[in-house]
Protein chains: 2
Amino acid sequence: MLEQNAITEEQKQIARLAKALGHPIRIAILEMLSNQACCYHGDMSQVLPIAKSTLSQHLHELKEAGFIQGTITPPSVKYCINAENMAQADKLFHKLLSGKISLQCKTNE
Amino acid sequence: MLEQNAITEEQKQIARLAKALGHPIRIAILEMLSNQACCYHGDMSQVLPIAKSTLSQHLHELKEAGFIQGTITPPSVKYCINAENMAQADKLFHKLLSGKISLQCKTNE
DNA sequence: TTTATTATTCGCAAAAATACGAACAATTTT
DNA sequence: AAAATTGTTCGTATTTTTGCGAATAATAAA
């Protein structure tokens with residue numbers, strides 16, 4: 001009987017990042033911010049098919065995960081990409097997804 | 001008033017993939033498979049701190065998303081990475097996360 | 001054929017995510 | 001000071017995810 005291996009912190013971190021990306025609206029938000037530098041909440045609200053309060057929640061989650069930053073510019077709020085954290089996430093995903101597989105196996109489905 | 005933009009299929013696809021990666025156990029599974037070529041359900045079951053039935057569910061989700069493949073080798077089941085789909089996911093995430101941001105903005109938090 | 005072995009599916013319970021409108025806060029304009 | 005503008009937070013309802021053990025299926029071994 002092998003030991004019940006604990007999940008590593010890095011595995012938890014990757015999962016946390018992936019979870020934050022796990023909703024179409026949040027992907028759309030990131031793409032908007034990537035393409036147009038920065039956006040105001042109001043601008044995104046007009047484009048995305050969700051209520052303003054729901055948008056706030058999604059923005060909060062992306063902020064929590066470190067993907068974006070928000071700046072209050074009264075009376076509106078400007079959001080933009082956190083480029084460093086995006087790059088860091090990119091690295092982590094790449095490390096996982098580009099895994100050098102030592103052996104390739106045949107499957108029947 | 002701008003149009004209520006629909007979410008693109010690609011955005012949905014990225015979100016789907018990210019969602020499948022959004023759990024520590026599933027990240028651990030992928031890393032095991034990446035490092036040790038292929039694994040049997042039973043082997044993973046002994047290492048991971050979850051019930052066998054729960055493991056089956058996680059494996060099903062990873063399979064559904066295309067990250068892994070399962071082969072029945074009676075009486076056990078062998079799982080392995082779907083390298084092509086992993087690479088494809090890697091590409092999609094990279095495209096999103098490496099976004100060429102045209103303007104960097106200053107923030108106060 | 002009966003008994004083991006291995007893994008999935010089922011049925012259920014608990015927790016988390018999603019979404020909305022109303023209420024609230026902060027600032028600007030009138 | 002009152003009204004308008006912009007976003008967030010609150011309260012709630014619905015759906016989805018997560019997790020388990022029991023039951024089931026499929027095959028191998030006795």
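Remember, it's a predicted structure, so these values are computed and weren't measured experimentally. Proteins come first, then strands; the chains are lettered A, B, ... in the order of their sequence lines, and each starts at number 1.
- The outermost nucleotides of DNA chain D lying under 4.0 Å from heavy atoms of chain A, listed 5' to 3', are D/dT6 to D/dT9.
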### Query
Which parts of nucleotides 17-30 of chain C does protein reach within less than 4.0 Å, heavy atoms only, written one letter per nucleotide 5' to 3' as B for base, S for sugar-phosphate only and - for none?
SBBBBB----S---

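- Residues satisfying the side chain to side chain donor-acceptor pair (under 3.5 Å) criterion with A/His94, sequence neighbours excluded, are B/Asp90.
- At the phosphate of C/dT8, OP1 or OP2 sits under 4.0 Å from a side-chain N or O atom of B/Tyr79.
- Applying the side chain to side chain contact (heavy atoms under 4.5 Å, CB included) test to A/Ala51 and every residue at least two apart in sequence or in another chain returns A/Ser53, A/Thr54.
- B/Phe67 meets the ring-ring contact (aromatic ring centres under 6.0 Å, His included) test with no other residue; sequence neighbours excluded.
- Taking atom CE of residue B/Met44 and atom C1' of nucleotide C/dA7, one finds them 11 Å apart after rounding to whole Å.
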### Query
Between A/Leu55 and A/Gln57, does a side-chain contact (heavy atoms from CB on, under 4.5 Å) hold up when you go through it step by step?
CA-CA 5 Å; A/Leu55 174 58; A/Gln57 284 185 70; over 6 Å; no

What donor-acceptor contacts under 3.5 angstrom involve side-chain atoms of residues 24-32 of chain B, with partners at least two apart or in another chain?
unit_1	atom_1	unit_2	atom_2	d
B/Arg26	NE	B/Ala20	O	2.7
B/Arg26	NH1	B/His58	ND1	2.9
B/Arg26	NH1	B/Glu61	OE1	3.4
B/Arg26	NH1	B/Glu61	OE2	3.4
B/Arg26	NH2	B/Lys19	O	3.4
B/Glu31	OE1	A/Gln11	NE2	2.8

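- Checked against salt bridge (Lys or Arg N to Asp or Glu O under 4.0 Å), B/Lys12 has the following partners two or more places apart in sequence or in another chain: B/Glu9.
- At the phosphate of C/dT8, OP1 or OP2 sits under 4.0 Å from a side-chain N or O atom of B/Ser56.
- In this structure, the CG atom of B/Leu55 is 11 Å from the C1' atom of C/dT8, given to the nearest Å.
- For B/Gln88, there are no side chain to side chain donor-acceptor pair (under 3.5 Å) partners, not counting sequence neighbours.
- With sequence neighbours excluded, the residues that form a side chain to side chain donor-acceptor pair (under 3.5 Å) with B/Glu10 are B/Lys95.
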